[in-house]
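One structure is given here, and the rest of the page talks about it.
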Amino acid sequence: MSVAQAAEAEPNAAALFNEHCAVCHGEGRLGGTGPALIPETLGRMYGPKLEKVIAEGRPATQMAGFSDQLTAEQIAAISRYVETPLAEVPRWSVEMANESLELNPDYKPAKAPVFTADPMNITLVVETGDHHVSVLDGDTFEVLDRFATPFAVHGGPKFSPDGHYVFIMSRDGWVQKYDIWSLQVVGQVRAGLNSRNIAMSHDGRWLAVANYLPRTLTILSTEDLSVVTVRDVVARDGTPSRVSAVYQAPQRESFVLALKDAPEIWEIATSPNAGPFHDGFVHSHEQSMEEQLGAEEGLFARRRILIDEPLDDFFFSPDYRNLIGANRDGDKGVVVNLDVGRAISELPLPGMPHLGSGISWERNGSRVMATPHLKEGVLSVIDMKDWSLVRQIKTMGPGFFLRSHENSPYVWADVFFGPNKDKMHVIDKQSLEIVKTLDPAPGKTVAHVEFTKDGSYALVSIWEDDGAVIVYDAKTLEEVKRLPMRKPSGKYNVWNKITFDDGTSH
């Protein structure tokens, strides 16, 4: 066969995509009714896994299989095509975002909850197995509603300060608003193309969206889902950066950003009286005599904090004065004081600490924090007064999540990775000893704990497509109830989240 004949025999992947995929996933592969199909959103769905989805479809979604329409060679060509990075970073402007707004025409707001359950003890269960959220009564564990979400929800939902609304984000940038009182979806808007997480402002007026693609921070109004600003994230030296995550800092009346590609931390004001924040040198701070470069002030003003290397996966002290971030090598934590705007300490934390899942509590008159490690079976416990390492607790494998409650004497820690992924450790907060290891679903992944409002019950996920939420008595550690769920990846109690309960990750 000649080179020309071989080239002719090779399937035209772009043409096949446009014919079979673009109607749902967009001609530019940036998504439509279906998710974006670009390397940034595919996650681990590469090669044979991706080809299998194209051939067989995805259960409980609109994704149908194409094995009866396409050959194996054509399916492989489409797979390689969507795995290819885009030629250039696409734009996603305020205007483009607002054009994507979709409101539920059947939504009718309620003046009071339409259910008799305690609205402060509602728990949302994110079921990634079929892209739904179940709304649980935290007293009876009855499912009050179950609604569809955008594809691949990522990051924790964020509640309005009064617990009336919740906002949910998908990996490809869709932000959905749900009215808990009415048990209805309000609408959704696409705030980015590949997004990491969301954060709520201290007053509940603004929602920030951290984006990998484009490299921006999007801020939208929580009232009507309108996008008010899309800010390019560019370091002081001109380097564009992805946003690893955005965090709410309510006491500081700001958002805090972790930058993936630049040695900076950004703080974005959520108060109209903020600033001025100066990027450059200031000749004089006397009133009416300021001479400076790059000053910003007012609502959404930016403050740069320069650090030695990029940090992400932040943990915050309860007063939000200090954060600990992990360095890129995953072998240390760096403590940054946000008041003075500089690093004040370092902690040796090898094994890639997962600081975003860290929690803190009072132990023997001092406040400590604990973090799991993603590459080794330990939990590091740190004294938050002098940032010294108190102890490393050996576990049965690397964990992902920690959780406690102010009314509970225990920390719950999953194992998540490795052969003991079916185990859940329960650790005494004072002795730092493992008091019990639960094994509720042998051979299956057991992860992520959430407590009810008063801490009486702990909810644990069997993180499988045919999974469940297991309700435990938080004192006796005995199983009370098991609720079948479709890969319940996370659970979020209204009260615990809006009050920043001691023992929850923020």
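- Formation of a donor-acceptor pair under 3.5 Å by the D261 side chain with backbone atoms of R242 is found in this model.
- For W206 and F300, the ring centers are positioned less than 6.0 Å apart.
- A donor-acceptor contact shorter than 3.5 Å links the side chain of R486 to the backbone of D465.
- With salt bridges taken as basic N to acidic carboxylate O contacts below 4.0 Å, one links E433 and R391.
- The two residues L389 and V381 make their nearest non-hydrogen contact at CD1-O, 3.5 Å.
- With hydrogens and angles ignored, the 3.5 Å screen pairs no side-chain donor or acceptor of N197 with any backbone N or O of A245.
- Residues T222 and M200 form a side-chain contact, since some pair of their non-hydrogen atoms from C-beta on lies under 4.5 Å apart.
- A donor-acceptor contact closer than 3.5 angstrom is absent between the side chains of S366 and K385.
- Residues S241 and L259 share a closest heavy-atom pair of OG-CB, 3.6 Å.
- At least one donor-acceptor pair under 3.5 Å links the side chain of Q251 to the backbone N or O of P318.
- Taking the ring axis of W92 as reference, the NZ or CZ atom of R190 stays within 45° of it and closer than 6.0 Å to the ring centre.
- S160 places no side-chain N or O within donor-acceptor distance of the main-chain N or O of G204, the cut-off being under 3.5 Å.
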Trace of the ring-ring contact (aromatic ring centres under 6.0 Å, His included) decision for H373 with F400:
CA-CA 7 Å; H373 293 245; F400 203 82; over 10 Å; no

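- Under the 6.0 Å distance and 45° angle rule, R302 counts as a cation-pi partner of W266.
- Closest heavy-atom contact between I180 and V494: CD1-CG2, 4.1 Å.
- If you check the side chains of D383 and S388, you find no donor sitting under 3.5 Å from an acceptor.
- For the pair R171 and F151, the cation does not sit on the ring face, since its NZ or CZ is not both under 6.0 Å from the ring centre and inside 45° of the axis.
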Taking it one step at a time, do N407 and D454 satisfy side chain to side chain donor-acceptor pair (under 3.5 Å)?
CA-CA 7 Å; N407 294 332; D454 63 0; over 6 Å; no

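- Here OG of S317 is found 8.0 Å from CG of L338. Values are rounded to the nearest 0.5 Å.
- Among all heavy-atom pairs drawn from R328 and P310, the shortest one is NH2-CG, 3.4 Å.
- Note that CG of D308 is 12.0 Å distant from CZ of R342, once rounded to the nearest 0.5 Å.
- N211 and T218 share a side-chain donor-acceptor pair at under 3.5 Å.
- Side chain to side chain, D313 and H354 meet the donor-acceptor criterion of an N or O pair below 3.5 Å.
- For the atom pair CE of M485 and OG of S134, the computed distance is 4.0 Å after rounding to the nearest 0.5 Å.
- For the pair L193 and P214, the minimum side-chain heavy-atom distance is below 4.5 Å.
- In summary, the side chains of T437 and H425 do present a donor paired with an acceptor at a separation below 3.5 Å, with no hydrogens or angles considered.
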Side chain to side chain donor-acceptor pair (under 3.5 Å) between S461 and K491: does it pass, once the steps are laid out?
CA-CA 8 Å; S461 289; K491 302 162 297 299; 2.6 Å; yes

Test log, rule side-chain contact (heavy atoms from CB on, under 4.5 Å), inputs F315 and S360:
CA-CA 10 Å; F315 169 87; S360 70; 4.0 Å; yes

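- Between the side chains of T270 and E253, not a single donor N or O lies within less than 3.5 Å of an accepting N or O.
- The side-chain tip of K177 points at the ring of Y165 from less than 6.0 angstrom away and within 45° of straight on.
- The distance from atom CD1 of I168 to atom CD of Q176, rounded to the nearest 0.5 Å, is 5.0 Å.
- For L311 against A258, the heavy-atom pair with the smallest separation is O-CB, 3.7 Å.
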Given the rule in the salt bridge (Lys or Arg N to Asp or Glu O under 4.0 Å) test, do K394 and E376 qualify, once you have shown the distances and angles that lead to the verdict?
CA-CA 9 Å; K394 298 292 184 181; E376 60 178 353; 5.9 Å; no

Checking R215 against D232 for the salt bridge (Lys or Arg N to Asp or Glu O under 4.0 Å) test, could you report, in this order, the C-alpha distance in whole Å, the side-chain angles of both residues, the deciding distance, and whether it holds?
CA-CA 6 Å; R215 295 171 180 179; D232 291 329; over 6 Å; no

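- Two residues are said to be in side-chain contact when any heavy atoms from C-beta on lie closer than 4.5 Å; H405 and N496 meet this criterion.
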Decide side-chain contact (heavy atoms from CB on, under 4.5 Å) for D502 and R367; before the verdict, give the C-alpha distance in whole Å, the side-chain angles of both, and the deciding distance to 0.1 Å.
CA-CA 11 Å; D502 199 18; R367 179 159 289 272; 3.0 Å; yes

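- Using the six-membered ring where Trp is involved, F416 and W463 have ring planes that are perpendicular, over 60° apart on the 30 and 60° scheme.
- Residue L207 holds its CG atom at 14.0 Å from CD of E223, rounded to the nearest 0.5 Å.
- A donor-acceptor pair shorter than 3.5 Å cannot be found between the side chains of D172 and N194.
- The shortest side-chain heavy-atom distance between L379 and I427 falls under the 4.5 Å cut-off.
- Within the model, atoms CH2 of W412 and CG of L459 stand 9.5 Å from one another, a figure rounded to the nearest 0.5 Å.
- The shortest distance between side-chain heavy atoms of F451 and R403 falls below 4.5 Å.
- A cation-pi arrangement is absent between R252 and Y320 under the rule of less than 6.0 angstrom and at most 45 degrees off the ring axis.
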